[in-house]
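A short write-up of the structure that comes next.
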Amino acid sequence: MTSYEEIFRSSVEDREGFWLQASEALDWYTPPTTALDDANPPFYKWFPDGELNVAYNALDRHVDAGNGDRTALVYDSPVTGTRRTYSYAELRDEVAAFAGVLRDLGVEYGDRVVIYMPMIPEAAVAMLACARLGAIHSVVFGGFAAKELAVRIDDAEPKVVVSASCGIEGTRVIEYKPLLDKAIELSSSTPSATVILQREQATAELGAIDHDWAELTAAATPADPVAVKSTDPLYVLYTSGTTGKPKGVVRDSGGYATALAWSMPNIYDVGPGETIFTASDVGWVVGHSYIVYAPLLAGATTVLYEGKPVGTPDAGQFWRVVQENRVKSLFTAPTAFRAIKKEDPDGEFLKQYDVSSLQYLFLAGERLDPETYRWAADLLGIPVIDHWWQTETGWAIAANPAGIELLEIKPGSPTRPMPGWDVQILDETGAPAEPGTDGAIVAKLPLPPGAFPTLWNDEDRYVNSYMKAFDGYYLTGDGGHLDSDGYVFVMGRTDDVINVAGHRLSTGGMEEVLASHPDVAECAVIGVADTMKGQVPRGFVVLKSGVDGDAEGYEEKLRGELVQLVREQIGAVASLKDVAVVPALPKTRSGKILRKTMRGIADGADEPVPSTIDDASVLDTLRPVLRKE
């Protein structure tokens, strides 16, 4: 099979045969003979009779095949001026040693280990060490507030917590140990031990249950891989932005490894010895899948980058990494490229580096606006590929499969469904929507390998949150449409659809129009309460670097142009009349704009500062604008 159509059709018509064949890319202790156990829907199980070890597949098997000298991981940290490389043999040895540390601390098959670390190689080592033992890791984004860490510790009930003395965000050193201590104090579940990696930027004072990473590792006896069932959990990852009891997304072992191993050559066109640079964080699903597991399963080189795209020390850092590592595929969020565009709109930094190795730019994590797509495509002269997936899915729902064939790129679309993803658009009654008509984006069950089989210790919530709205379908929580060619268009979360005088309108569509203005670097549109129309949209724009926003009459002129653009491209029904120029937009540390928080403040709620925020001062500056004080 050589075409997308043939491969996708095969995954639909012979689902079990397709995925059993895909599973042959892995080394199994007990190869599966059954692809899918569908006896208890919606709790489907992939490869139920198979046994493997994911860490062995990520490391040992490459060493055993004679490729131990191949580069596995490159650690690049402009914020500390550090660069280190690990061969597959070296990384395997580090992982085996730390697995020995965890084993000596009492961690066994099925135990949980919470990992609360910055973007350093030891975070990946800890993840893989858990997988080697058959333990379940739960990575909590480094720098999360103590309360957020505490509720995750409560839910996962880890035997051990692995952390570092500090993380670095921009020029700030964030001490982790006080946050961890407070989290354990707040939690009703106390780990038996913690392991702390001391960093020179700030060392931590160790207490009664704390252990020094370096000391334990130096004395450890390496641990061998443990065979686990394909259906055993590999990790639990809590969705960001949750309130109350967090939702712990469970990832199985064999299904996840199979899906990732398939995706690397087929979606990202990256194989053994080639390099992928995924500029994300191991605390998020993208970091789990495409910084740690997928590249190593493929025998590729992965870049683990500690820093931001601009400011450390300049807007050319991504290009430097590409040049130094001969990166083939770069994967990041649209926000990162909007930041680069704002600081370097003409690509002057790019001209300083040789990026001829770069063949693809993949973007995901939020909606890719056409303006950013066009800017990046023109600047780089390579395919700029949007794709769409979620924490729950583990890998792409819809993508443009570069390793199979590049489909026509349609700006605004993450392209077409990947194998196993039967994507449909349903209206409020559950009826299929016509092409081009927005509705709820759903996926017909069973979901393919790699998608979450349940929530940690909460099957009822799994059903009620995701499987109950439309019988036989997974509710993605996103709204959008399919066009007549089967391309998926994701217009945003369904709660970002606003109702203006009875008309359902997408704020994503309005953002697309605002972003097309030549002076706008990035923007957000939110729906706010209105006594006459129920809701009306409000727009917020950040200007590109070099635009003189203080010129007399400029803001009034720009506001008029933006309102007219929306009127022309969406219609007067959009009722967008309020656009404010702001210095910055509030974002999470992963780069997502905090639209829900903005809506709450604009509607008069006493919104607390989210623990996920990157820079609280941005929200403080924006608060009076939102409230029109």
Side-chain angles (χ1 to χ4, degrees), residues 43-46 53-55 99 102 107-117 123-124 126-142 144 147-163 180 183-184 187-192 194 226 228-257 259-260 280-289 291-293 389-395 447 449-463 465-466 590 612:
F43 301 100
Y44 298 95
K45 298 178 179 179
W46 284 99
N53 183 279
V54 178
L102 294 176
V107 175
E108 300 174 342
Y109 166 87
D111 286 338
R112 274 80 61 206
V113 174
V114 163
I115 299 170
Y116 180 62
M117 301 189 84
M127 293 167 69
L128 291 159
C130 291
R132 192 173 187 85
L133 293 177
I136 303 164
H137 64 71
S138 184
V139 181
V140 179
F141 178 76
F144 250 142
K147 182 180 178 183
E148 298 294 329
L149 177 58
V151 296
R152 287 154 174 80
I153 290 174
D154 269 341
D155 198 61
E157 297 181 309
K159 182 170 284 186
V160 171
V161 176
V162 181
S163 189
L180 174 58
I184 292 174
S187 174
S188 59
S189 175
T190 302
S192 61
T194 75
V226 173
V228 304
K229 295 178 181 178
S230 171
T231 54
D232 283 338
L234 175 66
Y235 65 77
V236 175
L237 180 59
Y238 291 93
T239 55
S240 60
T242 55
T243 57
K245 187 176 184 292
K247 289 189 289 188
V249 169
V250 173
R251 196 77 64 210
D252 67 349
S253 296
Y256 183 57
L260 295 190
S280 181
D281 192 285
V282 293
W284 312 121
V285 68
V286 169
H288 279 58
S289 293
I291 295 176
V292 181
Y293 285 110
W389 48 301
Q390 303 172 321
T391 301
E392 291 85 351
T393 71
W395 64 293
L447 300 182
F452 68 146
T454 189
L455 294 176
W456 181 252
N457 288 336
D458 207 340
E459 290 187 346
D460 288 344
R461 193 176 186 186
Y462 175 75
V463 173
S465 296
Y466 299 103
S590 64
T612 55

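As the structure is a computational prediction, the values presented were derived from the model and not from experiment. Sequential numbering from 1 along the given sequence is applied to the chain's residues.
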key: His288 side chain to Gly283 backbone, donor-acceptor under 3.5 Å   = no
task = For Arg112 and Ala156, indicate whether the former's side chain and the latter's backbone hold a donor-acceptor pair under 3.5 Å.
result = yes
key: Side-chain touch Val463/Phe43, heavy atoms, less than 4.5 angstrom   = yes
task = Could you tell me whether a side-chain N or O of Ser192 sits under 3.5 Å from a main-chain N or O of Lys159, the two making a donor and an acceptor?
result = yes
task = Quick one: pull up CG in Leu447 and CH2 in Trp46 and give me the separation to the nearest 0.5 Å.
result = 9.5 Å
ask   = Considering only heavy atoms from C-beta outward, does the side chain of Val249 approach that of Leu455 to under 4.5 Å?
value = yes
query = Any side-chain heavy atom of Thr194 within less than 4.5 Å of one from Ser163?
reply = no
remark   = dist Asp458:CG -> Ser465:OG (nearest 0.5 Å) comes out at 8.0 Å
note = On a heavy-atom basis, the closest approach of Ser280 and Gly287 is OG-N, 4.0 Å
note = Shortest non-hydrogen pair, His137 vs Met127, comes out as CD2-O, 3.4 Å
ask   = Are side-chain N/O atoms of Thr231 and Asp252 paired as donor and acceptor at under 3.5 Å?
value = no
query = Does any non-hydrogen side-chain atom of Ser138 lie less than 4.5 Å from one of Val114?
reply = yes
query = Once you round to the nearest 0.5 Å, how far does OH of Tyr462 lie from CD of Glu392?
reply = 10.0 Å
ask   = Considering all heavy atoms of both residues, which atom of Asn53 and which atom of Ala55 are nearest to each other, and what is their separation?
value = OD1-N, 3.0 Å
remark   = Distance col, row Lys147:NZ vs Ser187:OG, nearest 0.5 angstrom, shows 13.5 Å
4.5 Å side-chain heavy-atom contact, Glu148 and Phe141 = no
request  = Describe, in one word, how the ring planes of Tyr235 and Tyr256 are oriented to each other, choosing from parallel (under 30°), tilted (30 to 60°) and perpendicular (over 60°).
outcome  = perpendicular
query = Arg251 and Thr393: which non-hydrogen atoms are nearest, and at how many Å?
reply = NH1-C, 3.8 Å
Least distance between heavy atoms, Val285 atom then Gly394 atom = CG2-CA, 4.1 Å
query = Only one of Val139, Leu260, Leu128 forms a side-chain contact (heavy atoms from CB on, under 4.5 Å) with Val292, so which one is it?
reply = Leu128
message = With rounding to the nearest 0.5 angstrom, report the CG to CG distance, Asp155 to Asn457.
response = 6.5 Å
note = Tested for side-chain contact (heavy atoms from CB on, under 4.5 Å) against Lys247, the lone hit among Trp456, Phe452, Tyr466 is Tyr466
request  = State, yes or no, whether a side-chain contact exists between Leu102 and Val162 at a heavy-atom distance under 4.5 Å.
outcome  = yes
ask   = Of the non-hydrogen atoms in Ser189 and Asp154, which two are nearest, and what is the gap between them?
value = N-OD1, 3.2 Å
task = Output the distance between atom CE (Met117) and atom CG (Leu180), rounded to the nearest 0.5 Å.
result = 11.0 Å
message = I'd like to check Leu234 versus Ser253 (side-chain heavy atoms, cut-off strictly below 4.5 Å). Are they in contact?
response = yes
query = Is any side-chain heavy atom of Ile184 less than 4.5 Å from a side-chain heavy atom of Thr190?
reply = yes
